[in-house]
Amino acid sequence: GSTLQDAAAESDRYFGTAIAGSRLSDTQYTTIANREFNMITAENEMKMDATEPSQNQFNYSSGDQIVNWAIGNGKQVRGHALAWHSQQPGWMQNMEGSQLRQAMLNHVTNVATHYRGKIHSWDVVNEAFADGSSGGRRDSNLQRTGNDWIEAAFRAARAADPNAQLCYNDYNTDNWSHAKTQGVYNMVRDFKSRGVPIDCVGFQAHFNSGNPVPSNYHETLQNFADLGVDVQITELDIEGSGTSQAEQYRGVVQACMAVARCQGITVWGVRDSDSWRASGTPLLFDGNGNKKAAYQYVLDQLNEA
Ligand code: G3I
């Protein structure tokens, strides 16, 4: 294949990007996005604060704009994200207890219902585990509603959209030896053993010099897949430049290609200038839309399959 999406499709995988609604009027941006990627994630527009700005008053205009662009161009959509401690609307940040639990479930049900039939995979719960060595849950208002809040969210999502794959999504879960990775693994194993409806695990994969691509990445992805879930790389970006950045990208693609249940890779933006890392160069295209060395290494590795 001569594009990322075509090369990935040769092994029945997808290659995606995050899209910002505010950039859909930039033709350089949409030209690259349309040519290279076949899986679209809204960078911010389907989050809780965007879709439910006032309690029980849902606003899908920004999310719909991206979903319609994607579907209109023949692409699939990853939904991001139904329940998260961050990016909550103000009214939710001040809630707790059973009132918050009910509001969270109402949010999951309404948003998943609105997009029913249009979503390949939902990030049902995002970033619920703590950083550091505990391996436990992150403290948050949602966690304080009870440890079962995650499975409750997954059951509500399944009921609302039975055909979407339901994912748990997190960062710094790439290194098999890290406590956070083990914590998520144990939760997924428990969910599978008890029939909680989970289909996939998303690895955000935000890498930098302090958090490089681990040498055991393939092992991590395979161990999760062996639990009976699909795995996806959902928000890939790697700080750096030139050949060393390109080699790290190649390592991520290699790890995914080596795992049958790794369904695809999404990078977190199109050009370096579109990245959430304001001063960095972590993506596959430079600020002028030119292909970087990392692009060529990724394309070549996808074509190795
Ligand atoms: O749109 C407003 C604009 O009107 C306002 O003037 C401006 C002033 O701050 O803010 C703009 O909103 C910002 C938005 O990005 C759009 O640019 C928000 O402040 C800012 O918080 C938001 O950041 C996003 C961040 O998630 C929020 O958590 C990033 O774009 C987005 O890339 C990032 O994505 C996350 C994933 O959802 C979860 N995993 C980590 C990843 C990277 O942090």
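Whatever order the structure lists ligands and atoms in, that order sets their numbers, starting from 1.
A salt bridge links Arg261 to Asp230: at least one charged side-chain nitrogen sits closer than 4.0 Å to a carboxylate oxygen. In summary, Asp272 and Lys292 engage in a salt bridge, as defined by a charged side-chain N under 4.0 Å from a carboxylate O. The residues Arg101 and Asp148 are annotated as salt-bridged, a charged nitrogen and a carboxylate oxygen being separated by less than 4.0 angstrom.
Screening residues 126-147 for salt bridge (Lys or Arg N to Asp or Glu O under 4.0 Å) gives Asp131-Lys180, Asp139-Arg144 as the qualifying pairs, with residues at least two apart or on separate chains.
Remark: Asn34 engages Trp69, Asn73, Lys75 in a side chain to side chain contact (heavy atoms under 4.5 Å, CB included) (not counting sequence neighbours). Listed by chain and number, the residues in a side-chain hydrogen bond (donor to acceptor under 3.5 Å, both in side chains) with Arg158 are Asp199 (sequence neighbours excluded).
For ligand 1, residues of the protein lying within 4.0 angstrom by heavy-atom distance are Glu43, Asn44, Lys47, His80, Trp84, Gln87, Asn126, Glu127, Gln204, His206, Glu235, Trp268, Trp276.
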